[in-house]
Amino acid sequence: MQYRTRFAPSPTGLLHVGNAYSALLCQAWAKTHNAELLLRIEDIDHTRCRSEFADAIIEDLSWLGLRWQSPVRIQSMHLQDYRQAIHQLRDMGVIYPCFCTRKQIQQEIMRMSSAPHAEAVMASYPGTCRKLPANEQHDRMQHEPFAWRLNIDKAMAHIGEDISWRDGSGCVYAVSVEHDVVIGRKDIDFSYHLAVVVDDALQGISHVIRGQDLKESTGIHRLLQKLLGLPEPVYVHHPLLCDQDGERLAKRNGATTLKGLRQTGVDVMKLRDFLTAAESLCWPFGKGNERELLNILGKAR
Ligand code: GLU
């Protein structure tokens with residue numbers, strides 16, 4: 001069987017060294033397994049993604065030495081595929097419209113429980129719209145914005161058996177999804193979870209190589225695959241590159257960008273070697289460390 005994997009960045013900013021680390025791991029995995037490597041631009045979130053960042057991704061990855069099979073899949077050009085998946089789930093009766101605002105959800109949870117911490121509040125849903133009568137749903141859908149939520153109980157009943165996902169070392173993880181996740185957002189119609197499973201299937205991805213920050217979402221992905229009758233890839237979640245304080249590198253923390261490194265005069269081969277050998281999973285060149293960075297990774301002049 002021909003293996004196939006993908007790298008799937010979101011153009012919400014410039015790629016940083018953490019993304020580069022992930023891309024290189026993906027490429028190394030593909031090489032070791034004689035697999036095809038595909039590229040996908042995950043840009044369904046039009047509130048955060050920008051086309052100039054998508055162009056910059058292609059430029060930065062090319063500079064890094066990543067090579068992928070054509071065509072690049074650009075999610076915003078395939079909205080019909082995600083729409084069709086929502087229709088399929090709606091026809092199965094496993095999703096329902098949710099009219100709640102974030103604030104209402106938060107207030108309802110605070111009322112029901114003894115103040116869990118903020119993250120848990122945002123991740124959970126008290127089920128307010130789960131049992132709305134069909135006529136009320138219908139009326140409100142005509143004039144109120146709504147999200148689509150998966151009714152986990154109905155979804156599990158529909159599947160009718162325990163489900164699990166597998167990682168690259170053969171470990172099996174039981175799927176248990178705690179609450180009714182959003183699969184169609186109010187503002188952008190779809191969710192990352194829905195788009196990613198549709199795309200992995202349409203691109204024929206046999207192995208998903210991605211950061212371990214997404215490990216928790218894999219159960220939701222497996223559940224959606226099962227409901228939509230999509231094939232099951234194998235998942236490999238790699239550790240994330242961190243800064244000297246042990247914080248994961250992220251766009252919002254101002255992580256070093258590939259474009260910045262290129263402009264500083266970094267030798268891309270040295271950068272690749274450094275990242276590939278980064279066993280300590282640490283990027284030690286914080287702000288103000290440019291001199292050391294250039295000493296180690298700079299071009300010989
Ligand atoms: N687009 C996601 C990100 O940039 C990756 C999604 C995935 O690999 O499943 O974090």
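Ligands are counted one by one from 1 in listed order, and the atoms in each one are counted from 1 as well. Below, all heavy atoms of this structure are taken into account, side chains as well, without hydrogens, waters or symmetry copies. In this text, all values refer to a predicted model and were calculated from it rather than measured experimentally.
- Salt-bridge check for D213 with R248: passed, with a basic side-chain N closer than 4.0 Å to an acidic carboxylate O.
- Protein residues having at least one heavy atom under 4.0 Å from any atom of ligand 1 are R6, A8, P9, S10, E42, Y192, V196, R210, L214, listed by chain and number.
- The ring pair (Phe, Tyr, Trp, His ring centres under 6.0 Å) test applied to W63 returns no partner, not counting sequence neighbours.
- Salt-bridge check for R40 with D200: passed, with a basic side-chain N closer than 4.0 Å to an acidic carboxylate O.
- Counted by atom type alone, W29 and T5 present zero donor-acceptor pairs between their side chains at under 3.5 Å.
- Note that R149 lies in the cation-pi zone of Y125, set by a 6.0 Å cut-off to the ring centre and a 45° limit from the axis.
- Considering only heavy atoms from C-beta on, T12 stays 4.5 Å or farther from R50 through its side chain.
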